[in-house]
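First the structure, in the form of structure tokens, and then the observations on it.
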Amino acid sequence: MPFTSLGLSPDLARAAAELGFSTPTPVQAQAIPVILRGADLLACAQTGSGKTGAFGLPLLQKLQQGAQHTPRRVRALVLVPTRELAAQVGEVLRSLGSALPQRLKIAVVFGGVSINPQMMSLRGGADIVVATPGRLLDLLEQNALKLSAVDTLVLDEADRLLDLGFSEELNRVLALLPAGRQNLFFSATFPPEVQALAGTLLRDPVRVEVEATAANEPAIVQRVIAVDAIKRTELLRHLLKQHESDWSRVLVFVATKYAAEHVAWKLHKNGIFATPFHGDLSQGARTKVLAEFKNGQWDVVVTTDLAARGIDIAQLPVVINYDLPRSAVDYVHRIGRTGRAGEPGLAVSFVSAGSEAHMRLIEKRQGLSLPREVIEGFEPAEAAVPESPGGGGVKGKRPSKKDKLRAAAKSS
DNA sequence: AAAAAAC
């Protein structure tokens, strides 16, 4: 089925093909007609399934009409939760839009870089603004743009933008948007409580939920390795050496900025081309690391959840959870950095005595049960499993309710 | 002992 049969112009269909979208993915096939007819949408589809194209293509087509109007007004606002994602989404929209006979102006704004060029780029208006919330509010306070003519709002990684950390900023932006706008919410994950909140913002929404099937599911092989927490860096080094030829690029997730620095430094000291990536780096350094990782100048990037969502790195065969993510939702986004656009992927999670219960919860949320693998030379010590006093660290033993109560009492 | 997002 071609893109044109969904109602897209031949120009856009060609632009999509040039970006590697030859035929619509399931989420694109379902979302594009809905967006073109002007309905609100809540779309939940797996990582790497082409969500940017799913909103970008119809958005560009709709904006093409009336693009010649002067003065230009911001007609579409795309909000994203990280600066890197803003840059990436802006790039995709620009590539897709370059094929249109009527050129659209796309402004990309985010923090950490000087504001003046962004103010200049908004002078005379823009058709689409792609933004992180903080910098957008800053620009609004300085009257660098108006949102009164926005007729389409896109929330990319919508569940993230709707959660507590962003709610104040998001509400301030929403208050400035016209009431009659079209709202498009996209994410790979929509926890029920976030769906309820989204429901209060959407007007009679169409829900598109692309069920994972054998045909469209990202082919991510998930593995869990049991290891003593203290031996994780050593194990990581071992695995990297062992897979020197087949792991061309590796993204390692850790829990804190400090750990990202520390682990990357340890690897680097051992002759591995590894570098940290997190929010305490300057924006210049962040942009550089990501570009160099994509170029192949770094073999390993050790990152916080800064890189967990949305970031598209082609040919990333492996993601490693050195520390487990805080939630099952974060796990889905993290491992979704690999196995994108039909490529195979491998996600390896390190589990130690203290994180075993948490890993079980993550598996349960996904309806999975993964075997615990042990790597020779890195067998966890039996004594290091205090949570299961009866079994003494027997593989696969589920902690009893009593154990959990005991653990909860200990931690409070 | 969380990360991210504006200055």
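To find a chain, count down the sequence lines: A is the first, B the second, and so on, and within it residues start at 1.
Between the P atom of B/dA4 and the CZ atom of A/R286 lies a distance of 7 Å, rounded to the nearest Å. For A/L140 and B/dA6, the CG to P distance is 12 Å, given to the nearest whole Å. Look at CZ on A/R326: it is 13 Å from P on B/dA4, rounded to the nearest Å. Summarising the geometry, the separation between NE2 on A/H358 and P on B/dA2 is reported as 14 Å, rounded to the nearest angstrom. Rounded to whole angstrom, the span from the CG atom of A/D163 across to the P atom of B/dA3 amounts to 15 Å. In this structure, A/D330 atom CG and B/dA3 atom C1' are separated by 9 Å, rounded to whole Å. The separation between A/D305 atom CG and B/dA5 atom C1' is 14 Å, rounded to whole Å. The interatomic distance linking A/L162 (CG) with B/dA5 (P) rounds to 17 Å, in whole Å.
Counting non-hydrogen atoms under 4.0 angstrom, A/R309 reaches nothing in the nucleic acid. Within the 4.0 angstrom heavy-atom criterion, only backbone atoms of the sugar-phosphate kind lie near A/G279; the bases stay farther away. If you check every strand for non-hydrogen atoms under 4.0 Å, A/F166 touches a base. In this structure, A/L137 reaches neither bases nor backbone, as no heavy-atom distance under 4.0 Å exists between it and the strands shown.
We find the CG-CZ distance between A/L316 and A/R340 to be 9.5 Å, quoted to the nearest 0.5 Å.
Remark: side-chain polar atoms of A/T304 are paired, donor with acceptor, to backbone N or O of A/L306 under 3.5 angstrom.
Checking the phosphate oxygens (OP1, OP2) of B/dA2, no side-chain nitrogen or oxygen of A/T304 falls inside 4.0 Å. For B/dA4, the OP1/OP2 oxygens have a side-chain nitrogen or oxygen of A/K257 closer than 4.0 Å.
Judged by distance alone, with hydrogens and angles left aside, A/R83 brings no side-chain donor or acceptor close enough to the base of B/dA4 to form a pair under 3.5 Å.
Residue pairs meeting the ring pair (Phe, Tyr, Trp, His ring centres under 6.0 Å) criterion with at least one member in residues 150-188 of chain A, sequence neighbours excluded: A/F55-A/F186.
The environment of CZ in A/R365 is sparse: at most 12 heavy-atom neighbours from other residues, nucleotides or ligands sit within 6.0 Å.
Taking only side-chain atoms of A/R160, from C-beta outward, the nucleotide of B/dA6, B/dA5, B/dA3 with the closest atom is B/dA3. The side chain of A/T82 has B/dA4 as its nearest neighbour among B/dA4, B/dA6, B/dA2.
For the 3.5 Å distance criterion, the side chains of A/Q283 and A/T287 qualify, holding a donor opposite an acceptor.
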